[in-house]
Structures are given as structure tokens and as C-alpha cells.
Amino acid sequence: MKENGSWNSAWDEASALDPEWMEDFLKMGTSIWRHNVLYPMTIEFIAIAVDAACTHMYAPGTRRHIAAALDLGATPQEIISVLQAVAALGIHSIAMGAPILVEEMKLRGMAITATSKEI
């Protein structure tokens, strides 16, 4: 991965501390490419989604996989659809967290009101 430019330097310390674990991690993460089960463009769409997700947000990988998808014939509309789909991950945090907040507020007898403007 270092040779082809896909190594994430954030992995350096983890690799130095436990190279065997890092090797296992990389084998798992790259199996999708090694087994040729999915079409290459589908793999690039998945990689774009993973790298652009709010839990990962790895711009170099997102750029690399968008470029690869375009080179494979993906349209900008297909790529933006992938990005729009993964953007929904962020809304899940509020959709899951807000009801918990309301429940905890009720347990404490706190009023539930809009804070900035009426909804």
C-alpha cells in the first residue's frame, strides 16, 4: 500500500506497535479487491462511501476512489448519488440521539421546548 500511495500515514503508529494486527486489518480491508466478486466500479463506489462517511472522512482516499470511478466510466451523477447516500449517516445521529435526549429530559422533569425558532 505504501508503494502504490494508498497507505494512510495515520496507521504508522498502530503498525509499529502491532504489525501483525495491521497486516490482518489490511488483509480484511483489501479482500474486496483481491477476490474479484464485485465489479471494479462497484468497489470504487463502496470505497468512496467508506472514505467520505462522517465516521471516516479521509479526503485522500475519497479523491483516489472518485478518480478511479471516473476512470472506470462512472458518471458524476452516480458519484454524487453515492455521496448523498452516505451523507444520511450524519442524520442518523440526530434521529437516534434526539429521542434519547427527550427521554432523559422527561426523567428529570425538564421542559422540552425549541431553543432557537419554532419548528
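Because the structure is a prediction, the values reported are computed rather than measured.
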Quick check on E104: does its CD atom have over 12 non-hydrogen neighbours (other residues, nucleotides or ligands) under 6.0 Å away?
yes
Closest heavy-atom pair and its distance - P19, A16
CD-O, 4.0 Å
Keeping the roles fixed (side chain from T30, backbone from L26), state whether a donor-acceptor pair exists under 3.5 Å.
yes
Fit a plane to each ring of F25 and W21, take the angle between them on a 0 to 90° scale, and name the class: parallel (under 30°), tilted (30 to 60°) or perpendicular (over 60°).
parallel
Are F45 and V50 grouped together when hydrophobic residues (ILVMFWY) are joined by side-chain heavy atoms under 4.5 angstrom apart?
no
Shared hydrophobic cluster, L38 / V86 (ILVMFWY, side-chain heavy atoms < 4.5 Å):
no
Please tell me whether Y58 and I48 are part of a single hydrophobic cluster in this structure, the criterion being side-chain heavy atoms less than 4.5 Å apart.
no
Could you pull out the closest heavy-atom pair between C54 and L89, with the gap in Å?
SG-CB, 4.0 Å
What closest approach, in Å, do A74 and L70 show between heavy atoms, and which atom pair accounts for it?
O-CD2, 3.5 Å
Interatomic spacing from CD in Q84 to CD in Q77 - rounded to 0.5 Å:
10.5 Å
Let me confirm one number: the CE-OG1 distance from M41 to T75, rounded to the nearest 0.5 Å.
8.0 Å
Is there a side-chain contact between D12 and S9 (heavy atoms, below 4.5 Å)?
yes
Minimum heavy-atom separation for A69 to E44, with atom names?
CB-CB, 4.0 Å
In Å and rounded to the nearest 0.5 Å, what is the NZ to CE distance from K27 to M22?
13.5 Å
Between H56 and A52, is there a donor-acceptor pair closer than 3.5 Å when you use the side chain of the first and the backbone of the second?
no
Does a side-chain heavy-atom distance below 4.5 Å link E78 with V82?
no
hydrophobic_cluster_shared for I79 and I43, side chain cutoff 4.5 Å
no
Can Y39 be reached from I32 by stepping across I, L, V, M, F, W or Y side chains whose heavy atoms are under 4.5 Å apart?
no
